[in-house]
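Just below is one structure, and these are the notes that go with it.
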Amino acid sequence: MTDNQTGGLVRPDVDERGAETIARVCYGLEATAVELGSNQDRNFLLVEADGAKSVLRVDNPVFGDAAREGQHAAIDAYCAAGVAVAVVLPGIDGELTQRWNGLAVRRSEFAAGSRSSTRATSRPSCSRSSGSLPRPR
């Protein structure tokens with residue numbers, strides 16, 4: 001958390017160096033970590049020396065294992081339906097969710113794309129129009 005962050009969920013206190021340690025300890029990877037940003041978790045792009053990329057997610061501790069298991073089930077359902085999604089990759093022990101300093105961490109395949117802040121949907125005009133959609137009854 002930064003000193004000026006107020007309200008909302010407090011993101012886990014993990015920096016890029018910590019993410020590199022998690023990659024090494026939990027996944028056996030030597031990688032450089034670059035923070036991707038998130039409003040509630042910590043997400044890092046991991047880049048190995050050979051250029052291989054994956055994403056490390058340090059989950060916000062307010063979300064429990066049931067939420068993670070639901071996300072894993074949803075990913076499995078998408079895969080079963082033939083939808084291309086970034087799957088969660090197991091750690092050294094074979095488990096999808098790893099533990100590091102009391103935090104739940106997961107690593108997934110890297111899916112190339114643009115940041116949402118650079119896509120057309122992030123323009124103020126799109127935000128205004130999406131706020132005026134009718135509410136379901």
Side-chain angles (χ1 to χ4, degrees):
M1 174 174 109
T2 61
D3 291 334
N4 60 359
Q5 182 177 353
T6 59
L9 295 175
V10 176
R11 298 184 310 150
D13 187 16
V14 177
D15 60 12
E16 292 171 341
R17 181 169 290 180
E20 291 168 358
T21 299
I22 294 168
R24 186 172 49 261
V25 171
C26 297
Y27 298 97
L29 299 177
E30 290 296 328
T32 301
V34 177
E35 186 160 10
L36 296 172
S38 173
N39 65 344
Q40 64 188 25
D41 303 302
R42 294 281 182 174
N43 297 306
F44 300 90
L45 174 63
L46 298 177
V47 182
E48 298 173 64
D50 66 359
K53 296 177 182 177
S54 58
V55 175
L56 180 74
R57 177 182 181 134
V58 181
D59 292 327
N60 192 300
V62 302
F63 299 105
D65 287 333
R68 277 180 285 284
E69 290 166 12
Q71 291 172 359
H72 298 162
I75 291 169
D76 290 344
Y78 280 123
C79 289
V83 177
V85 294
V87 299
V88 179
L89 303 168
I92 291 174
D93 64 2
E95 296 296 322
L96 296 180
T97 301
Q98 300 294 298
R99 307 288 175 183
W100 182 80
N101 285 356
L103 297 168
V105 298
R106 296 177 287 169
R107 179 176 157 249
S108 64
E109 296 175 325
F110 174 75
S114 62
R115 297 179 80 151
S116 61
S117 62
T118 62
R119 293 194 309 241
T121 56
S122 66
R123 292 184 306 206
S125 62
C126 292
S127 298
R128 280 192 299 274
S129 65
S130 66
S132 64
L133 296 174
R135 297 194 187 276
R137 296 181 200 255

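Atoms considered below: every heavy atom in the structure, side chains included; atoms not considered: hydrogens, waters and symmetry mates.
Judged by distance alone, the side chain of Asn60 and the main-chain N or O of Asp41 form no donor-acceptor pair under 3.5 Å. Glu35 contributes no side-chain N or O that, together with a main-chain N or O of Asp15, makes up a donor-acceptor pair within less than 3.5 Å. A donor-acceptor pair under 3.5 Å links the side-chain atoms of Arg42 to the main chain of Pro12, judged by distance alone.
Closest heavy-atom contact between Tyr27 and Leu96: OH-O, 4.1 Å. Contact between Val47 and Lys53 at its shortest, heavy atoms only, is CG2-CG, 4.1 Å. A pairwise comparison of heavy atoms in Ser38 and Asn43 identifies CB-ND2, 3.2 Å as the closest pair. Of all heavy-atom pairs spanning Cys26 and Val105, the tightest one is SG-CG2, 4.4 Å. When every heavy atom of Phe44 is checked against every heavy atom of Val14, the shortest pair comes out as CZ-O, 3.5 Å. Nearest approach of Asp59 to Arg68, heavy atoms of both residues: OD2-CD, 3.0 Å.
A heavy-atom distance below 4.5 Å is found between the side chains of His72 and Thr97.
In this structure, Arg106 CZ and Leu89 CG are separated by 11.5 Å, a value rounded to the nearest 0.5 Å. In this structure, Ser108 OG and Leu56 CG are separated by 8.5 Å, a value rounded to the nearest 0.5 Å. Note: Arg107 CZ to Arg57 CZ = 16.0 Å, rounded to the nearest 0.5 Å.
Phe110 and Val83 fall into different hydrophobic clusters, where Ile, Leu, Val, Met, Phe, Trp and Tyr are joined by side-chain heavy atoms under 4.5 Å apart, directly or via other members. Leu103 and Leu46 fall within a single hydrophobic cluster, where Ile, Leu, Val, Met, Phe, Trp and Tyr side chains are chained together by heavy-atom contacts under 4.5 Å. Following chains of ILVMFWY side-chain contacts shorter than 4.5 Å, one cannot reach Ile22 starting from Ile92, and the two form parts of different hydrophobic clusters. Hydrophobic cluster membership is shared by Val88 and Val85, with clusters built from Ile, Leu, Val, Met, Phe, Trp and Tyr side chains linked at under 4.5 angstrom.
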| Does the side chain to side chain contact (heavy atoms under 4.5 Å, CB included) test come out yes or no for Val58 and Trp100, once each step is laid out? | CA-CA 9 Å; Val58 181; Trp100 182 80; over 6 Å; no

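Between Arg99 and Asp65, at least one side-chain nitrogen of the basic residue sits less than 4.0 Å from a carboxylate oxygen of the acidic one, meeting the salt-bridge criterion.
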